[in-house]
Amino acid sequence: MPRDLHPRLLRGFVATAESLHFGRAAERLHIAQQALSRDVRSLELALGGALFHRSTRSVELTEAGRALLPKARRLLALHDEIVAAADGRALLIDLNSEPGGTDLAEARLLEAARRALPEHELLARFHGGLAAAARELLDHRLDVSFGRFAGLPTALRSQLAHVPVRLERLAVHLPEQHPLAALARVPLRALAGHPVDICLGNPATTEWTDLGRRLLDEHGLAAAPGRTPAVGAVEFGRYLTRHGDPVLTTTGGPSIPGGVVRPLVDPVPLSLLGLVHRPELRHPGLAAMRTAAAELGAREGWLRRPAGSWLPPEDAALLRA
């Protein structure tokens, strides 16, 4: 047994264990697949046993691999914490939505990371829009963001790492006096004759507009015209009251003055929320949020898709990646 294990070997193992695909794990780490395979075999040789069952069609963890995974995650998190402590750098996170909602996954992950790492500075902002945030991530002006990864252009996705977090139910914001506000749940067919605001023309949220366009087109519904977006709950309440159109959203967000949120049904439409960062980023706060996503997701079934639900195939493919 060697006295030392290089963190690179453990990082390659964890990436492969999380994706169960050597090609996708290599892309995530920005290394050649042959180099990753070599590192995994080196780790297996060092530990004296196979960590994966490999076949031409699948990759699965062995019992030893399943036992090693949580230990490797903890060791890498400690390694990243030591490295980050050396420069004391804060982690900048865009939650894309103001706190105060009933069940915002982004806020819950940040809270979990702050509890786990009280000595580290994790800074939150609430600008919103993964399309805009993706460019800031690549420019090193932002560290972590959340949103619908499948809606980004392929060129952007290829440069970023993505962790599926939760399948979120879509809903509509409605003015309190809107005729559909009396319903506890709004069937998609009931939106006929009520154009839906999907943030048309907002360059910061093109991934969300893409989702809305797919949903409306598939169900024969119309989109409301593009308008200058409102910022903040109070301004959004005025926007909602002034224009009166249903606004596509998700359940669990912050309350809007003068508005109500109604889940969409028949079928239940979903959006895949992901955690997005630069592949090379090493920070204990990121590791803590990734761990919290895995633990909360497993405990609360965040990635369990309801039967008969609607989800774009590009998003569904990310669940299998």
Side-chain angles (χ1 to χ4, degrees), residues 18-19 95-97 101-109 128-131 133-134 145-152 157 160 162-174 180 183-192 194 196-200 202 205-224 246-254 256 260-276 289-290 292-321:
E18 291 179 345
S19 63
L95 298 186
N96 284 325
S97 182
T102 57
D103 185 26
L104 282 174
E106 303 97 308
R108 292 182 64 185
L109 297 187
L130 183 58
S145 188
F146 292 87
R148 180 179 171 254
F149 191 67
L152 294 179
R157 293 202 306 269
L160 295 168
H162 170 255
V163 180
V165 171
R166 186 163 72 173
L167 287 168
E168 302 205 307
R169 292 188 59 171
L170 296 184
V172 283
H173 278 299
L174 297 165
L180 297 179
L183 302 176
R185 292 173 295 277
V186 176
L188 280 168
R189 62 181 178 275
L191 291 171
H194 300 284
V196 180
D197 191 327
I198 56 172
C199 301
L200 273 176
N202 184 353
T205 58
T206 54
E207 79 289 346
W208 183 254
T209 299
D210 176 74
L211 176 71
R213 177 64 75 188
R214 290 168 182 267
L215 177 67
L216 299 184
D217 286 352
E218 190 167 326
H219 294 87
L221 302 170
V247 178
L248 191 67
T249 186
T250 59
T251 60
I256 300 299
V260 296
V261 174
R262 296 292 183 258
L264 294 170
V265 294
D266 300 333
V268 173
L270 303 171
S271 175
L272 177 58
L273 176 72
L275 182 156
V276 183
M289 282 193 291
R290 291 178 63 112
E295 293 176 350
L296 283 169
R299 186 163 66 243
E300 301 183 16
W302 278 6
L303 294 175
R304 190 180 306 128
R305 183 174 176 181
S309 55
W310 177 91
L311 183 70
E314 294 82 357
D315 298 70
L318 289 172
L319 286 174
R320 300 188 295 268

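Only this structure's heavy atoms are used, side chains among them; waters, hydrogens and symmetry mates stay out. These numbers come from a predicted model, not from an experiment.
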Would Val196 and Leu215 count as a side chain to side chain contact (heavy atoms under 4.5 Å, CB included) here? Give the steps. CA-CA 10 Å; Val196 180; Leu215 177 67; over 6 Å; no
Take Leu319 and Leu167 through the test side chain to side chain contact (heavy atoms under 4.5 Å, CB included) and record every step on the way to the result. CA-CA 10 Å; Leu319 286 174; Leu167 287 168; 4.0 Å; yes
Please step through side chain to side chain contact (heavy atoms under 4.5 Å, CB included) for the pair Trp302 and Leu273, ending with a clear verdict. CA-CA 10 Å; Trp302 278 6; Leu273 176 72; over 6 Å; no
Any side-chain to backbone donor/acceptor pair from Asp197 onto Pro246? Under 3.5 Å, distance only.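 Between the backbone of Pro246 and the side chain of Asp197 there is no qualifying donor-acceptor contact (under 3.5 Å).
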Under the criterion side chain to side chain contact (heavy atoms under 4.5 Å, CB included), I'd like the reasoning laid out for Leu104 against Leu95: C-alpha separation, chi angles, the key distance, then a yes or no. CA-CA 9 Å; Leu104 282 174; Leu95 298 186; over 6 Å; no
Distance, nearest 0.5 Å, that separates CG of Asp103 from CD of Glu300: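 Here the rounded value is 7.0 Å.
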Return the orientation label for the His162 and Phe149 ring planes: parallel under 30°, perpendicular over 60°, tilted otherwise. parallel
For the residue pair Ala190 and Leu180, what are the closest heavy atoms and their distance? O-CD1, 3.9 Å
Should [X] and [Y] count as side-chain neighbours, where that means a heavy-atom distance under 4.5 Å?
X	Y	result
Leu188	Asp266	no
Pro312	Arg148	yes
His194	Leu221	no

Residues Glu314 and Arg157 bridged, charged N to O under 4.0 Å: no
Does the pair Arg214/Asp315 count as a salt bridge with the N-to-O cut at 4.0 Å? no
Picking from Leu211, Leu311, Thr251, what satisfies side-chain contact (heavy atoms from CB on, under 4.5 Å) with Leu170?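 One option only clears the test, and that one is Leu211.
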Around atom CZ of Arg189, are there more than 12 heavy atoms of other residues, nucleotides or ligands at under 6.0 Å?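 Open: at most 12 neighbouring heavy atoms sit under 6.0 Å from CZ of Arg189.
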